[in-house]
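Along the sequence shown, residues are numbered consecutively beginning with 1.
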Amino acid sequence: MKIRFIVILLFALHVSAFYGQKKTVDDIEIEILKVKEPSSFSNELLRGIKFDQEKFKYVMVKCKVNSLKENRTQISAFSLVDTVNKIRYRLGDYLGYGAIIGNPERNYFRKTKSNNKTSNYNTPQFRANEIDLFDKYKFEGYTPFEIPVEFGTKKNPDQSIIYFGQTAYKNFKAELFFIIPLELKNDSFILYYKDSKIGTAKLK
């Protein structure tokens with residue numbers, strides 16, 4: 001009975017070490033709730049940003065985010081760091097939930113203007129006054145990783161890096177999706193907001 005209790009206690013401590021990590025940065029309280037690799041079915045149907053699934057995968061970090069004052073979270077300030085391969089990943093896709101029901105917030109923009117005059121308004125738009133914070137924070141010794149998204153065709157390419165703007169929510173749950181090369185064998189990362197470590201994001 002005593003051994004069983006110790007095993008249960010160790011398991012609980014292991015789980016809480018990864019999930020239940022919480023930190024406050026600039027009056028934004030961020031708690032890691034879950035880390036997982038979404039299914040290919042989910043990627044095909046639900047993700048707004050597509051990529052070659054034979055070369056890359058998504059790692060999703062779900063967080064509870066609360067603004068302790070009137071400021072709002074800058075979604076582009078999230079990044080995922082691979083300390084083994086020395087890579088810092090830009091956020092690849094984002095869904096924000098301010099309530100149980102309703103459509104999630106995506107709030108994405110493109111870094112460069114489109115030359116396509118028939119550009120679809122359901123795709124990210126260029127907005128010069130929307131700040132991208134990913135490039136503002138430099139991590140010495142780490143290579144930034146980002147994938148341009150193709151919004152055009154082979155005949156008329158229309159690529160751009162995308163980023164995510166400031167949320168409209170004060171308190172919400174954020175699903176943060178990072179695009180990771182399959183060739184890099186690693187299942188443990190560190191989630192950052194701006195230049196502050198939030199916690200470890202480890203795939204089971």
Side-chain angles (χ1 to χ4, degrees), residues 12-38 42 46-49 57-109 124 130-140 142 144-146 161-180 186-204:
L13 290 173
H14 173 76
V15 171
S16 63
F18 292 108
Y19 309 114
Q21 301 172 96
K22 184 188 297 185
K23 188 164 185 179
T24 301
V25 182
D26 295 339
D27 297 314
I28 303 291
E29 183 183 78
I30 303 167
E31 179 181 3
I32 297 176
L33 299 178
K34 182 188 297 184
V35 180
K36 73 173 185 177
E37 184 179 335
S42 169
L46 301 179
R47 301 283 71 76
I49 304 304
K57 68 178 181 181
Y58 265 133
V59 170
M60 187 274 282
V61 183
K62 186 174 184 178
C63 298
K64 182 180 179 182
V65 185
N66 296 321
S67 297
L68 302 181
K69 294 185 179 179
E70 294 307 311
N71 54 326
R72 295 291 183 268
T73 305
Q74 301 285 346
I75 304 302
S76 66
F78 283 104
S79 64
L80 198 66
V81 168
D82 178 345
T83 60
V84 175
N85 298 294
K86 301 298 182 182
I87 297 174
R88 177 174 174 247
Y89 293 99
R90 175 188 283 276
L91 186 61
D93 204 356
Y94 156 73
L95 296 174
Y97 298 89
I100 297 176
I101 59 174
N103 294 325
E105 175 186 65
R106 178 160 273 130
N107 199 23
Y108 51 10
F109 303 93
E130 191 68 46
I131 299 173
D132 174 22
L133 291 180
F134 179 79
D135 295 325
K136 180 178 179 179
Y137 298 95
K138 307 297 182 182
F139 287 53
E140 186 176 351
Y142 285 79
F145 183 89
E146 54 190 14
I161 297 296
I162 66 160
Y163 66 101
F164 299 83
Q166 177 177 287
T167 183
Y169 299 134
K170 182 176 175 65
N171 303 315
F172 66 106
K173 289 183 179 178
E175 291 184 352
L176 309 170
F177 298 86
F178 298 90
I179 303 173
I180 312 294
N186 186 23
D187 62 359
S188 184
F189 307 88
I190 298 175
L191 181 69
Y192 275 81
Y193 181 70
K194 298 183 177 180
D195 56 356
S196 295
K197 177 181 175 180
I198 303 304
T200 301
K202 183 176 177 61
L203 292 169
K204 294 183 178 180

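Counting only distance, with no hydrogens or angles, the side chain of Q21 and the backbone of T200 share a donor-acceptor pair below 3.5 Å. A donor-acceptor contact shorter than 3.5 Å links the side chain of E130 to the backbone of Q166. Within the 3.5 Å criterion, the main-chain N or O of S67 finds a donor-acceptor partner in the side chain of K170. Under the 3.5 Å distance criterion, the side-chain polar atoms of D132 are left unmatched by any main-chain donor or acceptor of S76.
Side-chain contact between E31 and E29 is absent, with no heavy atoms from C-beta onward closer than 4.5 Å. You'll find the side chain of R106 reaches within 4.5 Å of the side chain of L95, heavy atoms only. Annotation: side chain of F189 is not in contact with side chain of V81 (no heavy-atom distance under 4.5 Å). Residues T83 and Y142 have side chains in contact (heavy-atom distance under 4.5 Å, counting atoms from C-beta outward).
For the residue pair D27/N71, the side-chain donor-acceptor check at 3.5 Å is not satisfied. Side-chain contact check for Q74 and Y193: no donor-acceptor pair (N or O, by modelled atom type) lies under 3.5 Å.
Within a 6.0 Å radius of NZ in K69, no more than 12 heavy atoms belonging to other residues, nucleotides or ligands are found. Annotation: L68, atom CG; neighbour count of heavy atoms from other residues, nucleotides and ligands within 6.0 Å is above 12.
How far CG of N107 is from OH of Y169: 9.5 Å, rounded to the nearest 0.5 Å. Residue M60 holds its CE atom at 4.5 Å from NZ of K36, rounded to the nearest 0.5 Å. Here the straight-line distance linking atom OG1 of T24 with atom CG of N66 works out to 9.0 Å at 0.5 Å rounding. How far CD1 of I198 is from CG of L80: 12.0 Å, rounded to the nearest 0.5 Å. Remark: E140 CD to K86 NZ distance equals 10.5 Å, nearest 0.5 Å. Atom CD1 of residue I180 and atom CG of residue D187 lie 11.5 Å apart, to the nearest 0.5 angstrom.
Summarising the geometry of R72 relative to A168, their closest heavy-atom pair is NE-O, 3.7 Å, with the distance given to 0.1 Å. When all heavy atoms of P124 and I162 are compared, the pair lying nearest together is CG-CG2, 4.2 Å. Taking both residues in full, the closest heavy atoms of Y137 and K194 are given as OH-CD, 3.3 Å, listed atom of the first, atom of the second, then distance. In this structure, I131 and Y163 approach most closely via the heavy-atom pair O-CE1, 3.7 Å. L191 approaches F78 most closely through the heavy-atom pair CD1-CD2, 4.2 Å.
Of the candidates F177, F178, F145, Y89 forms a ring-ring contact (aromatic ring centres under 6.0 Å, His included) with just one, namely F145.
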- [ ] Assess whether ring-ring contact (aromatic ring centres under 6.0 Å, His included) is satisfied between Y192 and F139, documenting all intermediate values.
- [x] CA-CA 11 Å; Y192 275 81; F139 287 53; 4.9 Å; yes

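F134 carries R88 over the face of its six-membered ring, with the cationic atom under 6.0 Å from the centre and within 45° of the normal.
With respect to the salt-bridge test (charged N to carboxylate O, under 4.0 angstrom), the residues R90 and D135 qualify.
Below 30°, between 30° and 60°, or above 60°: for Y94 and F172 the angle between ring planes is above 60°, a perpendicular geometry.
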